[in-house]
Amino acid sequence: MASQRIGELDFSEPYGIHHRINNPSSSLINDQGSGFDFGELEEAIGLQGVKIRNDETKASAFFTGKPAATLEMFPSWPMRFHQSSIGGTNNKSGGESSDSALSSKNENPFEPESPLSKKASSFCSSDQLQHLQLQQDMTNNNDVIKTASSPKSAHEKRKGGGSTSDNKPLDAKTLRRLAQNREAARKSRLRKKAYVQQLESSRLKLTQLEQDLQRARSQGMFMDWSGGVGSNISSGAMFDMEYARWLEEDNRLLTELRNGLEAALSDNEMRVMVEGYLCHYDEVFRVKGVTAKADVFHVINGGWTSQAERCFLWIGGFRPSEIIMMLIQQLEAVAEQQIMGMYGLRHSSQQAEEALSQGLDQLQQSVVDTIAGAPLVDGVQQMVVAVGKLANLEGFLRQADNLRQQTLHQLCRLLTVRQAARSFLVIGEYYARLRALSSLWASRSRDQTIITSDENSCQTTTDMQMLQPSHNHFSSF
Amino acid sequence: MNQEKLMHYQVDPWNYYMMRVRRRRMEEEDEMERVMRIVSESAVVIFSSSSCCMCHAMKSLFCGMGVNTMVHELDQDSKGKQMEKTLMRLLATNSTTLPVVFIGGKLVGSMDTLLAFHVNGSLVPLLKQAGALWL
């Protein structure tokens with residue numbers, strides 16, 4: 001019973017042991033005599049690594065040695081000291097132990113003249129950090145240690161009662177326990193490291209996924225959406241967004257071309273930029289083709305264009321012969337042979353445009369005949385036929401975009417690299433002015449006094465001057 | 001006759017299968033020969049359909065260039081379906097591809113290839129070479 005009491009060292013009742021010590025009726029406790037066993041302590045100090053055992057022995061010595069009266073004098077101190085000295089091994093409640101450790105770190109509230117206290121305090125202070133470390137790591141080892149320590153301490157007391165100088169078996173056990181604690185601490189540290197690494201890797205993966213998402217969105221993920229995967233956005237609206245992005249990219253590329261021309265870069269570098277710009281155009285034709293499969297009317301009617309652009313639209317885009325004509329008139333320093341080539345290109349594209357327009361006219365005629373000729377009662381059949389005929393619209397849009405693409409490629413073949421760059425700049429500028437014209441027109445209809453508004457006046461006049469020559473060209477068409 | 005066929009199939013299935021394959025291949029060759037014969041008759045031959053608008057566009061293109069073309073309306077031909085299949089095989093595509101044009105007995109292709117050639121500037125020399133265009 002006495003051994004149990006000693007072995008428990010119940011810190012949940014800080015003054016419990018205090019009370020127990022007040023009843024030194026156990027024979028075991030009193031067997032060691034009333035005095036504190038300094039010999040034991042010196043040996044303990046000698047063996048630095050086995051502080052826990054020493055704490056235990058000290059504690060046991062304390063309990064055996066000090067009469068209750070002494071403890072009663074400093075009711076708060078002894079327990080803290082006990083807790084700190086015993087360290088992490090005998091923590092019955094982890095929080096309490098850490099608190100006690102921290103508090104004992106700061107103060108060693110004992111009679112300085114007491115050799116025990118001095119030695120104990122020095123012992124404690126030297127090992128405080130290790131105590132703390134062990135205490136922090138020992139939270140999950142409490143149970144192990146609790147179960148291990150109680151029988152061990154009981155065994156210790158019995159042994160201690162027998163021969164005070166025989167510490168080897170105790171040392172071995174404590175050593176083993178300490179080693180186990182170290183192992184556990186190391187394992188928990190490793191686990192923590194692994195967890196942190198896992199967190200880091202998943203963070204990297206997250207950023208990569210976000211980048212992929214951005215890239216996919218910019219490359220036109222709307223193709224999945226046009227199938228109607230739970231989104232309210234129509235394919236037409238998606239195409240408008242795609243086109244807006246394409247326009248931004250267009251501006252960026254044109255600025256690059258302009259800077260390249262002004263900086264007089266080498267021909268190879270300019271060629272790379274020109275080919276990049278051609279790919280940029282190929283991209284918009286591809287996207288238009290994909291959208292046309294879902295919503296051909298949106299593309300052909302030019303809902304994605306500004307108003308002025310829409311006015312001059314031909315089968316969902318620009319008329320190649322018009323662009324060629326504009327370039328012939330705007331480009332300078334063009335050789336005779338090149339001009340002849342461009343006239344030939346214009347001629348061919350005009351013939352192609354004519355053919356496609358006639359085909360489209362025939363399609364319209366056929367659809368009108370089908371719908372108009374439908375009998376009042378049973379028009380479903382005719383409607384089905386008409387819908388089938390309208391499916392050809394996509395084919396015409398495809399051919400028109402193909403014609404535009406081929407014209408641009410042929411243009412680059414005819415001209416030198418710098419001339420090609422300049423012609424792209426001219427085309428880009430033309431469309432920018434068309435869009436400015438549209439916005440001007442919209443603001444004009446909103447506000448009749450456009451000339452009087454200060455911020456617009458300069459822009460208006462210069463825009464009008466800029467637009468004048470290009471506008472004249474197309475009045476002939 | 002059917003009785004014979006059935007027995008033949010039951011008795012020697014592999015040979016029967018090979019016989020069927022050979023017959024189909026011969027039919028295909030016949031079709032191909034027919035097509036080749038047709039396209040060699042004229043400098044420019046268009047296989048089209050009377051109701052197809054893209055075929056109309058192709059015809060207008062050649063008309064606008066002043067080229068006389070021979071037009072073969074497959075929907076008015078008894079063997080039109082088979083010829084269409086042959087053309088699809090020639091073009092190595094699975095979708096209906098009318099109109100298809102041959103110049104000088106050689107396959108040019110569908111509308112998009114024709115337009116590409118025209119914009120390239122290679123259509124006119126081709127026509128001149130085939131004798132469809134003078135000047």
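Convention: sequence-line order gives letters A, B, ...; per-chain numbering from 1.
Per-residue heavy-atom pair counts under 4.5 Å with chain B were compared for A:His347, A:Gln365, A:Gln351, A:His409, and the maximum is reached by A:Gln351. Taking A:Ser357, A:Gly341, A:Gly359 one by one and counting their heavy-atom pairs under 4.5 Å with chain B, the maximum is reached by A:Gly359. Contacts with chain A were tallied for B:Cys63, B:Cys53, B:Ala116, B:Gly121; B:Cys53 has the most, counting heavy-atom pairs under 4.5 Å.
No more than 12 heavy atoms of other residues, nucleotides or ligands sit less than 6.0 Å from atom CD of A:Gln337. Other residues, nucleotides and ligands contribute over 12 non-hydrogen atoms within 6.0 Å of the CE atom of B:Met36. In A:Asp369, the CG atom is crowded: over 12 heavy atoms of neighbouring residues, nucleotides or ligands sit closer than 6.0 Å. Remark: B:Arg89 CZ is packed, more than 12 non-hydrogen atoms of other residues, nucleotides or ligands lying under 6.0 Å away. Sparse packing is recorded around CD of B:Gln129, with 12 or fewer heavy atoms of other residues, nucleotides or ligands lying under 6.0 Å away. Under a cut-off of 6.0 angstrom, the local environment of CE in A:Met340 is sparse, with at most 12 non-hydrogen atoms contributed by other residues, nucleotides or ligands. Taking a 6.0 Å sphere around CD of B:Glu28, one finds it holds more than 12 heavy atoms contributed by other residues, nucleotides or ligands.
Residues of residues 386-394 of chain A having a heavy atom under 4.5 Å from any heavy atom of chain B, listed by number: A:Asn392.
With B:Ser60 as reference, A:Gln358 is the one residue of A:Glu354, A:Gln358, A:Gln362 to meet the side chain to side chain donor-acceptor pair (under 3.5 Å) rule.
A:Arg413 is listed as a side-chain neighbour of B:Asn120, based on a closest heavy-atom distance under 4.5 Å. Contact check for A:Arg398 versus B:Asp112: no side-chain heavy atoms found under the 4.5 Å cut-off. In this structure the side chain of A:Leu356 reaches within 4.5 angstrom of the side chain of B:Leu115, judged on heavy atoms.
If you take NE2 on B:His118 and CG on A:Leu403, they are separated by 9.0 Å, rounding to the nearest 0.5 Å. Rounded to the nearest 0.5 angstrom, A:Ser348 OG and B:Met65 CE are separated by 8.0 Å.
Within the 4.5 angstrom heavy-atom criterion, no atom of B:Met58 approaches chain A. Looking at A:Leu363, the atoms closer than 4.5 Å to chain B (heavy atoms on both sides) sit in the backbone and in the side chain alike.
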